[in-house]
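Predicted model only: the values in this text are computed from it and were never measured. Values below: every heavy atom of this structure, side chains too, minus hydrogens, waters and symmetry copies.
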Amino acid sequence: MKTVNVAARLAEQAKAMPDAQAVIVQHPSGAAGKWRYDSITFRQLDQDSDRVACGLRKMGVTPGTRLALLVRPGIDFFTCVFGLFKAGAVSILIDPGMGRRNLISCLQAARPQGFVALSPVQAVRVLLKPRFPHARFNVTVGRRWFWRGPTLDELRCEPWHGPELAATQADDPAAIIFTTGSTGPPKGVLYRHGNFDSQVEEIRDFYGIEPGEVDLACFPLFGLFNCAMGVTTVVPDMDASCPALADPAALVAAVDECRATQSFASPAVWNRVGPHCASRGLHLTTLKRLMSAGAPVSPYVLDRMKSCLADGGEMHTPYGATEALPVASISAEEVLSETAEQTYRGAGVCVGRRFPGITWKVIRAVDGPIANMSDAEELPAGEIGELIVRGAVVTREYVTRTEWNALAKILDGETFWHRMGDVGYLDDRQRFWYCGRLAHRVLTAAGPMYTERCEAIFNTHAAVYRSALVGVGPRGNQRPIIIIEPLTDRIPETVADRESLVSQMREIAASSPLTASIHDVLIHTSFPVDIRHNAKIFREKLALWAEQELEWEVKRNAGNQ
């Protein structure tokens with residue numbers, strides 16, 4: 001049987017373009033506004049990861065062995081990822097930005113048999129040894145302190161004995177990647193080698209990505225596909241777990257100095273880069289393709305970033321989830337010329353057409369499990385329901401929090417559908433219009449209200465950065481509340497200013513039948529958001545906050561009487 005392993009694609013690129021740069025890492029030079037760059041070629045990366053795979057094999061790592069990978073984005077990260085792929089190990093990948101408690105809990109649930117990790121992480125592993133009783137294959141990235149096991153430098157200093165590649169098949173496990181936990185607890189998604197291999201082909205072919213391009217990778221996991229496509233990955237000087245704090249000057253410098261042709265980043269990143277470029281009259285003339293995902297991207301951000309590109313450059317917003325990516329995509333041109341105006345009127349956010357390898361349906365929204373497709377009701381175009389998808393890039397199961405499998409998967413003969421947990425509708429051109437998360441819809445006595453449809457109406461106000469619709473009270477009789485996060489320079493400073501903004505929001509609510517039932521308006525200066533993209537709003541937390549605020553308001557009013 002044919003070996004399916006995305007690391008085989010790296011070996012192919014190393015043969016085709018051995019001396020081309022595979023990874024470039026940006027570092028501060030010490031002088032203000034100046035940067036230095038480390039790099040590794042495709043041949044070097046291929047051989048470096050071969051050495052790591054060989055070292056792991058000699059340690060006793062066999063295909064299927066689960067190894068937690070906790071390494072900062074950079075050359076070591078790419079070497080380790082492809083080394084683990086080549087050894088057939090299953091990489092456990094967790095965003096460190098989720099906080100120490102969640103990180104340790106997720107790691108414990110994934111039951112690692114070893115750690116390929118930085119020295120401080122290895123120290124924590126040793127101190128918490130009872131939580132990781134099976135962790136015996138441990139490689140330290142950095143200096144080894146008071147524990148056993150080789151360092152990464154020791155593995156990579158061994159002589160190169162030739163290519164390493166486990167004979168994995170499409171159905172073999174390759175990685176466990178955790179969801180952000182923006183809806184429900186973080187869950188470990190099992191990726192198989194076939195999922196990764198299909199993702200590379202879908203993304204490459206859909207966007208026309210060619211070998212020799214240069215990608216500014218502001219989201220490290222997406223950058224892994226580059227090496228398999230013959231694309232140079234530029235790792236910018238930024239904390240990938242806090243994209244909203246990225247230094248736009250560093251990103252612009254990396255684009256210019258490395259001649260980047262494309263870049264993938266969360267909306268939070270482009271919300272910083274756009275104003276930076278606009279205020280300085282900068283144009284990113286080498287970029288021909290921008291991508292952004294993780295949350296809906298506002299037309300304002302799309303328009304601003306598109307204006308920074310050279311003629312012919314385009315911005316795309318791929319749509320998907322940790323469990324299924326990519327699902328659909330839409331260009332900024334289509335949004336700005338066709339769909340944005342409808343979004344502002346409450347039509348939802350158009351995420352575009354499906355990728356060729358995806359099949360999708362919209363079914364009647366159900367809060368509980370759907371065991372079989374015969375129990376699901378497919379809806380016609382234009383009717384809002386839950387999106388379900390099927391395809392080679394769609395993962396089959398969670399391996400932690402496994403009780404969620406019954407809620408997320410629907411059996412259909414020999415195959416299955418994944419429930420995206422998103423509600424929306426298909427239009428007559430087979431484009432999906434996202435109206436919000438299934439768990440976030442507000443169930444009032446008059447019927448359901450959808451977050452993206454309602455919030456877009458309030459977001460048209462010049463003082464509003466973003467808004468959040470939440471419900472307070474029992475489901476089926478919830479009270480709709482709109483919470484406003486003003487722009488930083490438009491936050492009300494006085495009681496009168498606050499009352500004025502609230503009054504304006506109520507006028508906006510009354511202007512549309514979609515929002516006319518909203519009478520309660522609250523101001524919040526900084527929404528809680530997800531750790532991966534800094535863009536998905538934690539509406540569950542805001543709902544609890546809103547309930548407390550309303551209780552305080554009742555008490556204050558009672559005290560004033």
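Take F527 and apply the ring pair (Phe, Tyr, Trp, His ring centres under 6.0 Å) test, not counting sequence neighbours, and it matches H524. Partners of Y191 under the ring pair (Phe, Tyr, Trp, His ring centres under 6.0 Å) rule, at least two apart in sequence or in another chain, are F196. When the ring pair (Phe, Tyr, Trp, His ring centres under 6.0 Å) test is applied to F206, the partners found at least two apart in sequence or on another chain are F355.
With H418 as the partner, the side-chain hydrogen bond (donor to acceptor under 3.5 Å, both in side chains) test is satisfied by one option alone out of E397, R390, K409: K409.
Remark: R364 does not engage E378 in a salt bridge, criterion side-chain N to carboxylate O under 4.0 Å. Looking at D367 and R475, a side-chain N of the basic residue comes within less than 4.0 Å of a carboxylate O on the acidic one, giving a salt bridge. Between E455 and R466 there is no salt bridge, since none of the side-chain N atoms of the basic residue sits less than 4.0 Å from a carboxylate O of the acidic one.
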Could you list the donor-acceptor pairs under 3.5 angstrom formed between side-chain atoms of residues 215-227 and any protein atom two or more places apart in sequence or on another chain?
unit_1 : atom_1 : unit_2 : atom_2 : d
D215   : OD1    : Q262   : NE2    : 3.0
D215   : OD2    : N226   : ND2    : 2.9
N226   : ND2    : G223   : O      : 3.4
N226   : ND2    : T233   : OG1    : 3.0

Can you list, pair by pair, the side-chain donor-acceptor contacts under 3.5 Å of residues 295-303, counting residues two or more places apart and other chains?
unit_1 : atom_1 : unit_2 : atom_2 : d
S298   : OG     : V301   : N      : 3.2
Y300   : OH     : R304   : NH1    : 3.0

Next item on the list: In sequence, state the C-alpha distance, the side-chain angles, and the governing distance for T494 and D497, and then conclude on side chain to side chain donor-acceptor pair (under 3.5 Å).
Entry: CA-CA 5 Å; T494 67; D497 289 342; 3.1 Å; yes

Checklist line | Test side chain to side chain contact (heavy atoms under 4.5 Å, CB included) applied to E386 and K361, step by step | finding: CA-CA 8 Å; E386 183 183 4; K361 297 177 184 289; over 6 Å; no

Next item on the list: Determine, step by step, whether C350 and F432 satisfy the side chain to side chain contact (heavy atoms under 4.5 Å, CB included) criterion, reporting the C-alpha distance in whole Å, the side-chain angles of both residues, the deciding distance to 0.1 Å, and the verdict.
Entry: CA-CA 6 Å; C350 185; F432 182 66; over 6 Å; no

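By the 4.5 Å heavy-atom criterion applied to side chains, V252 and L282 are counted as neighbours.
A240 and P73 make their closest contact through CB-CG, 4.3 Å (heavy atoms, listed as atom of the first residue, atom of the second, distance).
The ring-ring contact (aromatic ring centres under 6.0 Å, His included) analysis of residues 302-345, with sequence neighbours excluded, yields the pairs Y207-H316.
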